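Working notes, beginning with the structure itself.
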Amino acid sequence: MPRMNAARKHPVEFTLNGRTVRAEVENRMLLSDLLRHEIGLTGTHVGCEHGVCGACTVQIDGRPARACLTLAQQVRGSDVRTVEALAPDPAVLSPLQAAFRRHHGLQCGFCTPGILMSLDALLRERPDADREDIREHLSGHLCRCTGYATIVEAALAAAEEQRKEETTNA
Amino acid sequence: MTILEKTESLVGRTVERIEDAGLLTGRGRYIDDLPVRQDTAHLAILRSPHGHAEIRTIDTTAALALPGVFAVLTGEDVARLTRSMTVGVKANVECWPMARDRVRYVGEPVALVVAENRYVAEDALDLIEVEYETLAAVIDPEKALAANAPVLHPSLETNLINERSFRYGDPEAAFEAAAHRISIRIAYPRNSCTPIETYGVIAEYDPGEDAYDVTANFQGPFSIHAVISRALNVPGNRMRLRTPPDSGGSFGIKQGVFPYVILAAVAARVAGRPVKWIEDRLEHLTASVSATNRVTTLEAAVTANGRITALSWDQLEDCGAHLRAPEPATLYRMHGNMTGAYAIENVAIRNRVVLTNKTPTGLNRGFGGPQIYLALERLVHKIADELGLDRLDVIRRNLVPADAFPYRTATGGLLDSGDYQAALDRACAEGGLEALRQRRDSARAEGRLYGIGYAAVVEPSVSNMGYITTVLTPDERAKAGPKNGAQAVATVAIDPLGSVTVKVASVPQGQGHRTVLAQVVAERLGLPMQAVYVNTELDTSRDAWSIASGNYASRFAPAVAGAAALAADRIRRRLAAIAAGQLNVTADRVDFKAGKLVDRDNPDNAVSFGRVAAASHWAPGTLPDGTDQTIRETVFWTPEQLQAPTAADGINSSLCHGFIFDFCGVEIDRATGQVRIDSYVTMHDCGRILHPGMVEGQVRGGFAQAVGAALYEEYAYGSDGSFLTGTLADYLIPTVMETPEPVILHHETPSPFTPLGAKGVGEGNCMSTPVCIANAVADALGVEDIRLPLSPSRVSEWLYGEERPPSKPQNAIPVATGASGQRMLTGSGSADVAATRGAVWAMLLDPNTLKAIIPGAHEVRKVTDTHFRAEVTLGIGPVKGRYRADIRLSDMVEPEAVTLSGGTEGALGSGRGMGRITLADTATGTRIAYRYEAAIGGKVASVGGRLLDGAARVVIGQFFQALARHAGGGTPRSVGFLQRLSALFRRRR
């Protein structure tokens, strides 16, 4: 990694939701700020900026990560996915998103993008995830509205649907 | 438009939410997502590190000089352009959004910076120098009343800002005649429902019109708009307040954004450009509003068989450092239902409001409910226990009888509807109480700690805007004029193509108002839900609103949705009249079905909704005589039951009163003291249910927050005023792992007072659940003096007594707890350095040397020959922070000895200390010996003593190693003295 200094901006290039992006940022800029305020993708939310609430969770090279604890420069060359990439089409929800709507897995929706990114990664990696797996992965997220039960139900329904689809396709 | 056949029964169904598609795809529009003008600057706030201190000087020169900074404002600058915020009681105090001469709580704004971006603004905060003279702080509301307590507001001469006594019925006679007098004393802690989205404000000022335009994620009540306008010294029509389309939760908390509306508005005016402020989480935890903490003594007059004939309340309410609008509303919101779900004829109340060195309080879900029910429902348990009666029987015996509704309470409330006995019986049967009792008995037989708790509560909703005036005396009220009612507003509009838009002033924060309004209006107009568009953004310059507007007091379903139904009905009547002419029938024969207006007796005789609806635009001349337009109808609805307080202080504080009966089983881990909720049943009567899925969401959400309040959450303060729970690692919010699944039951008795029969449901479990769990824990442990939160350490104290010091004293540096919650550090040591005394002396007085050798130093400045200022960053354990140290030298005997004294402060704590350094010649150079004594306060003081001492030694060691290296070799013998001293000063965070 090239040597950087605080006095000027430095280029960073990475893949964001399938497209290459380039930006010039100070080395102290957070990934969450770059996504939201420089690039303008405001779907990733910032709830605590100290890594506890999970609202800012994005996927970096397929793994969930806190955008508020990641410097923009750290994603150089990485593949970053945000909530904006989940729906297959602007007017169509992904099975996971649709399950959240069906099961009332959200109220204010502020924590939801981070939760979706964690669950999306989990269900991709572990299609057989059960209730306990889902609860464990959700434990890195704070939601103040729902009491979590409907989130767990939505995730279970999405996992079930995904498994059915794979059986059908096989 | 595929569900046309279902349009007639939309209300009461769990339909998918209109809001969700956008929120699930990242297209929500929360305040930080909104587009802003290109020249918008960012605001950052410098906050007090002290709980109580005089501000001596504020030097903003360096901050103003930083490139990218547009403005820096202190409290005096803000005061010049504003007026003190309105205080809700008659008292000689001022209430400013930014401290002027004195700070009164940790986190109180002291200065603000407007800069080109947040990063630069926060850089500039570090350059503002504030000199404080710390004062003794008072945190405990009872101690704040003591004659020798520090007084927060000298103009008030006391911390008791308001006291009122009330008497209803004949409580003295009832107590006199009572077979038993049973009382309880209990304290409710501070906590907050902490929405995941923090506060945000975007403000603009137009000097040409002397007008402010502010967007904030404010939630109401919009009575606060008047407070803001007055503070900014403009008429209400020059204070445009708008809300963003989406809000990331509030639970009452975002009411408390309004002082920042004032600050941002003034900042925009001074900076000459729009200003945006997004609060960060640390600011939110430290300085946003929370529930009040309250100390309550409650006594009951009880008959031999457990019937309560009188209650005597003594409530001491702690509203923090300032009485900020709408406080002391937390204390009065429940005034009409101080007898809970019970028929109790005689009531005495003494209400006192006290100020302490804590953050000012405000709205928080449950608002006043958890405080009173913790006392009342603990007392009902205790009455049963003392009389040897079954607890459930005592609850049953005292409930308001089913045939008594609407029931006027002793304090003036009007309980609208209910069948409390039936609801309770159904809960016990359907919730499996008998099985739970057996479960408890078998657990106890195995020696496990298991308890069952109950709670019966009344959940008020739709606040009477006049209830807060109960805090005034009848004479004061007579002078001020009556306050009452609660205007709900809804508009139904039809555009030229005949499609329907609904507009309300409800300011949702995630509940799904748009969906329910579409259900309600579509059903009445015979349209599919998707045909109705709902807009819930509020703009005070353009929309219909009133002081009761907003999202609080669980008023949406009973009041706002009802107002929308009334507006739709008015439009419907007119449309029917217009269609009647076209269909050649009488208006009463016109039905609204599947997008058509049809002749009830001949469905083939129909006309499309759009055609009739658009007539008012395209052909108003064709409207029948006496039929008004159908373009737009706005309904203001205020229920007649919400009257002003009577001369005898009777007040119907809320329109609707839901009923909740909860019971739960808890098991306590004997080894760890952890409370596990084994089973929880919650029965609700919230009147007619408009959307079962959302009602369940409200119950579950409130329940989860109540579990947090019962077991984990507290805004904790050190006795020096330091704030101890400033991160989400300290303030513990339940995750999915800590949130059990309640069994939710319903017993509907529609409210006769609301258009749709609905009552509020959003806050009930925040009122019932903390005390239900507390009762279960009391049952499991046989402990009466229950305190929340029921953390493992607290429960362990009840199990095992307080932790005793180890029997074998440790060889650590002595650590003692100093006065007013400070931690004392003392120590001594020495080090050898390969340099002459003169050289060491010179080094210790040279800022450049000091900068090089002080661990974590960014800068050391020599103010005078004997006065240094240093900036350091230090971490102790998990607590890393930036500190500013001020060190003075005295008793200098060159090159032999010097005394260092001074203080240091940072966001995480502060300290003061003194140390003596002596230099002695040795064969190889100089031996430096030192002694120090320091007192540390603030968050850092809460770090374990061993950790603190260990860290102190490490930092001191680093200092002397660096000094030795700087002096050209030598070995530090132990910890350096000077270094320790200076390091210590820095460390006392």
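A note on names: the letters A, B, ... follow the listed sequences, proteins ahead of strands, and every chain is numbered from 1. Note that the structure is predicted; figures quoted are calculated from it, not measured.
Residue A/H103: no heavy atom, backbone or side chain, is found under 4.5 Å from chain B. Residue contact with chain A, scored on non-hydrogen atoms closer than 4.5 Å, involves the backbone and the side chain of B/D33 alike. Using a 4.5 Å cut-off between heavy atoms, B/P740 does not touch chain A at all. Looking at A/A55, only its side chain comes within 4.5 Å of chain B, counting heavy atoms on both sides. For B/T194, the parts lying near chain A are the backbone and the side chain together; criterion is any non-hydrogen pair under 4.5 Å. No part of A/I134 comes within reach of chain B, as not one of its non-hydrogen atoms sits under 4.5 angstrom from that chain.
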- Item | Trace of the side-chain contact (heavy atoms from CB on, under 4.5 Å) decision for A/L93 with B/T25 | CA-CA 8 Å; A/L93 297 182; B/T25 50; 3.6 Å; yes
- Query: Passes side-chain contact (heavy atoms from CB on, under 4.5 Å), A/F110 versus B/T198? Steps please.
  - Reply: CA-CA 10 Å; A/F110 200 80; B/T198 56; over 6 Å; no
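Listed for the B/Q509 side chain is no donor-acceptor partner under 3.5 Å among the backbone atoms of A/C108. Remark: the backbone N or O of B/D32 is paired with a side-chain donor or acceptor of A/R36 at under 3.5 angstrom. With hydrogens and angles disregarded, no donor-acceptor distance shorter than 3.5 Å links the side chain of A/R101 to the backbone of B/E16.
Atoms CD and CD, from A/Q107 and B/Q698 in turn, are 5.5 Å apart once rounded to the nearest 0.5 Å. Atom NE2 of B/H284 and atom SG of A/C48 lie 12.0 Å apart (nearest 0.5 Å). Remark: A/E49 CD to B/E283 CD distance equals 9.5 Å, nearest 0.5 Å. One distance of note links CD of B/E19 with CG of A/L106; it measures 9.0 Å at 0.5 Å rounding. For the atom pair CE (B/M737) and CD (A/E136), the distance works out to 5.5 Å, reported to the nearest 0.5 Å. If you take CG on B/D280 and SG on A/C68, they are separated by 11.0 Å, rounding to the nearest 0.5 Å.
When each of A/E26, A/E84, A/H45, A/H141 is scored by its heavy-atom pairs under 4.5 Å with chain B, the top score falls to A/H45.
Here B/R700 does not pair with A/E153 in a salt bridge; the nearest charged N to carboxylate O distance is not below 4.0 Å. Taking 4.0 Å as the cut-off between side-chain N and carboxylate O, B/E741 and A/R135 do not count as a salt-bridged pair.
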